[in-house]
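Just below is one structure, and these are the notes that go with it.
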Protein chains: 2
Amino acid sequence: MVKAKSQTCCTTSEKLALPDVAWAEDLAKLTWALAHPARVRIVRLLLNRESCVCGEIVEEMPLAQSTVSQHLKILKESGLVKGEIDGPRVCYCINADAMAKLKKLIADL
Amino acid sequence: MVKAKSQTCCTTSEKLALPDVAWAEDLAKLTWALAHPARVRIVRLLLNRESCVCGEIVEEMPLAQSTVSQHLKILKESGLVKGEIDGPRVCYCINADAMAKLKKLIADL
DNA sequence: TTGCCATATCGTATATCGACGATAGACAAT
DNA sequence: ATTGTCTATCGTCGATATACGATATGGCAA
C-alpha cells in the first residue's frame, strides 16, 4: 500500500548504543505485570480504594478465588503491589515506589 | 512479618464502580506489547533512530531474523509500531499516537 | 482443641509464547 | 526470466500463562 520512495525513511543511521539490557528487562517486568486485563483491573481497584482485602477483589472480578490469588502473586512479584497480613485477611495495596518507577520508565521512553 | 492492626488498612470502603473492562483491555494490550525485553529494546531502538529497517534491528539483537520479525509483528498488532514497505525492505517506526496513548494511560493510572 | 474463615498453593488441562530453521513471497538488479 | 536480497510466514518444540477445583495453611473465636 504505502510505498515510500527510498531515502525518505531511516533518517539517522549513525551507530547507536544498544539500549541497556538490564533496563529493558526492568521495564518488561513491570509492563508484563500489567499485561493482562484482570491485573490492570486489580491495580485500578487498589488505586481507587487505597487498599483492599483479597476477598473484595475476588468479588469484583469474574474469576475464581484461586485465579485472583495467582494474579495477585504476579503483581506482588513485580513489586507493583504489596500485601500485608491483617488478621485472617490479607490487605493489598499499591507500592507507590514501584508505580512511580513504572510511570517514569514509560514517560521517559 | 508485618502485622497491621485492624482498621489501619482499607481506608475507603464505599462502593466502587468497576473499572471499565474495555479500558483495561486496551491498556493490557499496550503493556503486553512491551512485556518482553526484546520488544522494549526494539521500541527504544526505533525511538532513537526515528525509523529503522528490519535488517538493522536484527543486527542489533541477539536473535534470529524470524524471531525479530515475530516481535515486530506483535508490536505492529498492538499499534505501537508501524511498518512501511520501502522497496525490498520494510521501514519500521513508532506510531506516535499509540505511544502517546500508552503514556497517557499509564500516567493516568 | 476444635472449627471457621480467608487466603495461598497444588495439581491439572489447555492455550499461548518465544525460539529456531526452513521456506515462501516481494522487489531490484542483471 | 533469473538471481539475489530482504522480510514474513510456517512448522515445530519446550517453556510458561491462565484458568479451575481441591486442598493446605494460618489466624481467630468459641
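We name chains A, B, ... by the order of the sequence lines, and we start the count at 1 in each one.
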To the nearest Å, give me how far apart CD1 (Ile57(A)) and C1' (dA6(C)) are. 13 Å

Report the C-alpha separation of Leu46(B) and Ile57(B) in whole Å, then their side-chain angles, then the decisive distance to 0.1 Å, and conclude whether the side-chain contact (heavy atoms from CB on, under 4.5 Å) test is met. CA-CA 9 Å; Leu46(B) 293 178; Ile57(B) 301 172; 4.1 Å; yes

Determine: side-chain N/O of Arg89(B) to OP1/OP2 of dA26(C), distance under 4.0 Å, yes or no. no

Lys103(A) side chain to Ala107(B) main-chain N or O, any donor-acceptor pair under 3.5 Å? yes

Which of dT7(C), dT18(D), dG18(C) is nearest the side chain of Val90(A)? It is dT7(C)

Take atom CG of Leu72(A) and atom P of dA17(D), then tell me their distance rounded to the nearest Å. 16 Å

In whole Å, what is the span from the CD atom of Glu77(B) to the C1' atom of dT16(C)? 13 Å

Whether the side chain of Gln65(A) and the base of dA6(C) hold a donor-acceptor pair under 3.5 Å is what I'd like checked. no

Checking contacts here: which listed nucleotide (dC20(C), dT9(C), dT7(D)) is nearest the side-chain heavy atoms of Cys54(B)? dT7(D)

Trp32(B) CH2 to dA15(C) C1', straight-line distance once rounded to whole Å: 13 Å

Between atom CD1 in Ile85(A) and atom P in dG26(D), what is the gap in whole Å? 9 Å

In whole angstroms, how far is the P atom of dT18(D) from the CG atom of Leu34(A)? 12 Å

Please check if the side chain of Thr67(A) supplies one atom and the backbone of Leu63(A) the other of a donor-acceptor pair under 3.5 Å. no

For dA17(D) and His71(A) - does any side-chain N or O of the residue sit under 4.0 Å from the phosphate oxygens OP1/OP2? no

Salt-bridge present (Glu77(A), Lys29(A); N to O < 4.0 Å): no

Measuring from the side chain of Lys73(B) (C-beta onward, heavy atoms only), which nucleotide among dT9(D), dT7(C), dT18(D) has the closest atom? dT9(D)

If the cut-off is 4.0 Å, is Lys76(B) near the phosphate of dA8(D), judged by side-chain N/O to OP1 or OP2? yes

Without decimals, in angstroms, what is the distance between Asp86(B) CG and dT5(D) P? 18 Å

For the base of dA19(D), is there a side-chain donor-acceptor partner from Gln70(A) under 3.5 Å away? yes

dG21(D), dA19(C), dA22(C): which one has an atom nearest the side-chain heavy atoms of Ser66(A)? dG21(D)

Thr67(A) side chain N/O closer than 4.0 Å to the phosphate oxygens (OP1, OP2) of dC20(D)? yes

Of the candidate nucleotides dA19(D), dG18(C), dG21(C), which contains the atom at the shortest distance from the side chain of Ala64(B)? dG21(C)

Charged tip of Arg41(A) within 45° of Trp23(B) ring normal and under 6.0 Å: no

From dC20(C), dA8(D), dT7(C), pick the nucleotide closest to the side chain of Tyr92(B)? dA8(D)

From CD1 of Ile74(B) over to C1' of dT9(D), roughly how many Å is that when rounded to an integer? 14 Å

